[in-house]
Amino acid sequence: MPIVPDVKNWTWVLERACPECGFDAAATAYEAVPALARESADRLRAVLERPGARRRPDESTWSPLEYAAHVRDVCRIFAYRTAVATRTAAVDPRVPAFDARGLTADETPDGLPVFSNWDQDATAIADRYDMQEPVAVSGELALAAEAAARAFETVPVADRGLRVRRGDGSFFTVDSLAKYFAHDLVHHVYDVCG
């Protein structure tokens, strides 16, 4: 059985605790997000050192290597999305199968910038997560997590309420975007029991 694409809208994690990984956005301070990014990356990097990091636990679940490559790209994309939300220079993260084109605040009727959706499963296939080298992914993950952590750290308190919309219509503030991001990382550490 192949990997089943994840098409769930995970924005509900902003309203209630995740029953699987236990992440609770309401109990997570914005200021904790950078440390959570770094810690999650460190834990995933440690998992990559285990024998069998390339092995899938079953046919329908990513290997630890694939999860780590995905989290690397999550960090790259959320550093970009944070720039979009804060109306600063957003540099295309160059993640395969990710279309960084969105809309600026000047291009939308409501004045909110829009960032595009991301098909993470298309990226996993296009970038061959399963064939990447664990050592390379580990180093790239460390750099990407640090960049995302710094992106959130540098947002002034006054700008954390800025709003942005995802291509599917979901609204975020910089604050809720940070917590949505943190859940993704914490959840994937849980996925690999890291």
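In this text, all values refer to a predicted model and were calculated from it rather than measured experimentally.
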For D175 and T173, test the side chains for any donor-to-acceptor distance below 3.5 angstrom and give the result as yes or no. no
Verify, without hydrogens or angle tests, whether K179 (side chain) and T28 (backbone) share a donor-acceptor contact under 3.5 angstrom. yes
Please give me the minimum heavy-atom distance between A144 and C75, naming the atom from each residue. O-CB, 3.4 Å
Salt bridge D110-R165, side-chain N to carboxylate O under 4.0 Å: yes
From CD1 (I77) to NE2 (H70), nearest 0.5 Å: 8.5 Å
T104 vs V114 side-chain heavy atoms within contact, under 4.5 Å: no
Which heavy atom in Y80 sits nearest to a heavy atom in R101, and how many Å separate them? OH-N, 4.5 Å
Before you tell me yes or no, could you show the steps for V174 and L177 under side chain to side chain contact (heavy atoms under 4.5 Å, CB included), namely the whole-Å CA-CA distance, both residues' side-chain angles and the distance that decides it to 0.1 Å? CA-CA 5 Å; V174 175; L177 186 68; 5.5 Å; no
State whether the side chain of S138 and the backbone N or O of P134 hold a donor-acceptor pair below 3.5 Å, judged by distance alone. no
R54 side chain to Q132 backbone, donor-acceptor under 3.5 Å: yes
Could you go step by step and tell me if R166 and W118 meet the side chain to side chain contact (heavy atoms under 4.5 Å, CB included) rule? CA-CA 10 Å; R166 189 168 59 193; W118 175 36; over 6 Å; no
Apply side chain to side chain contact (heavy atoms under 4.5 Å, CB included) to residues D184 and V71 and explain how you reach the verdict. CA-CA 8 Å; D184 205 336; V71 169; 5.6 Å; no
Should D92 and R76 be marked as a salt bridge (Lys or Arg N to Asp or Glu O under 4.0 Å) after you check the CA-CA gap, both sets of side-chain angles, and the distance that decides it? CA-CA 9 Å; D92 183 344; R76 290 172 173 169; over 6 Å; no
Without swapping roles, check the side chain of E146 against the backbone of L143 for a donor-acceptor pair under 3.5 Å. no
Any ion pair linking D106 and R87 (charged N to carboxylate O, less than 4.0 Å)? no
Is there a path of hydrophobic side-chain contacts, each under 4.5 Å between heavy atoms of I, L, V, M, F, W or Y residues, that connects L44 with V95? yes
Take R72 and Y129, measure what side-chain hydrogen bond (donor to acceptor under 3.5 Å, both in side chains) needs, and give me the verdict at the end. CA-CA 11 Å; R72 172 202 60 207; Y129 283 175; 4.8 Å; no
Between A41 and A145, the two heavy atoms sitting closest are CB-CB, 3.4 Å
Does F181 belong to the same Ile/Leu/Val/Met/Phe/Trp/Tyr cluster as W12, with side-chain heavy atoms less than 4.5 Å apart forming each link? yes
Working to the nearest 0.5 Å, report the span between OG of S40 and NE2 of H187. 12.0 Å
Approximate separation, where rounding is to 0.5 Å, of E133 CD and L48 CG: 11.0 Å
Between L141 and V186, is there a shared hydrophobic cluster once you connect ILVMFWY residues whose side-chain heavy atoms come closer than 4.5 Å? no
Do F172 and L103 share a hydrophobic cluster (ILVMFWY, side-chain heavy atoms under 4.5 Å, transitive)? no
Donor-acceptor under 3.5 Å (Y67 side chain, V189 main chain): no
Do the rings of H188 and W62 sit parallel, tilted or perpendicular, given the 30° and 60° boundaries? tilted
Determine, for E66 against R56, whether the closest basic-nitrogen to carboxylate-oxygen distance falls under 4.0 angstrom. yes
Any side-chain heavy atom of P64 within less than 4.5 Å of one from R50? no
Are the side chain of S116 and the backbone N or O of G102 linked by a donor-acceptor pair below 3.5 Å? no
Indicate every side-chain donor-acceptor pair of residues 151-161 with a distance under 3.5 Å to a residue at least two apart or in another chain.
residue : atom : partner : partner atom : Å
E153    : OE1  : R38     : NH2          : 3.1
E153    : OE2  : R38     : NH1          : 3.0
E153    : OE2  : R38     : NH2          : 3.3
T154    : OG1  : R150    : O            : 3.1
T154    : OG1  : A151    : O            : 3.1
R160    : NH1  : E31     : OE2          : 2.7

Answer whether the closest heavy-atom distance between the side chains of Y190 and F23 falls below 4.5 Å. no
Is the NZ or CZ atom of R163 positioned over F171's six-membered ring, under 6.0 angstrom from the centre and within 45° of the axis? yes
Taking L14 as the starting point, is it possible to reach V164 by hopping between hydrophobic residues whose side chains are less than 4.5 Å apart? yes
For the residue pair A69 and V137, what are the closest heavy atoms and their distance? N-CG1, 3.7 Å
Of all heavy-atom pairs between P57 and S63, which one has the smallest distance, and what is that distance? CD-CA, 4.4 Å
Considering all heavy atoms of both residues, which atom of L162 and which atom of T86 are nearest to each other, and what is their separation? CD1-CA, 3.9 Å
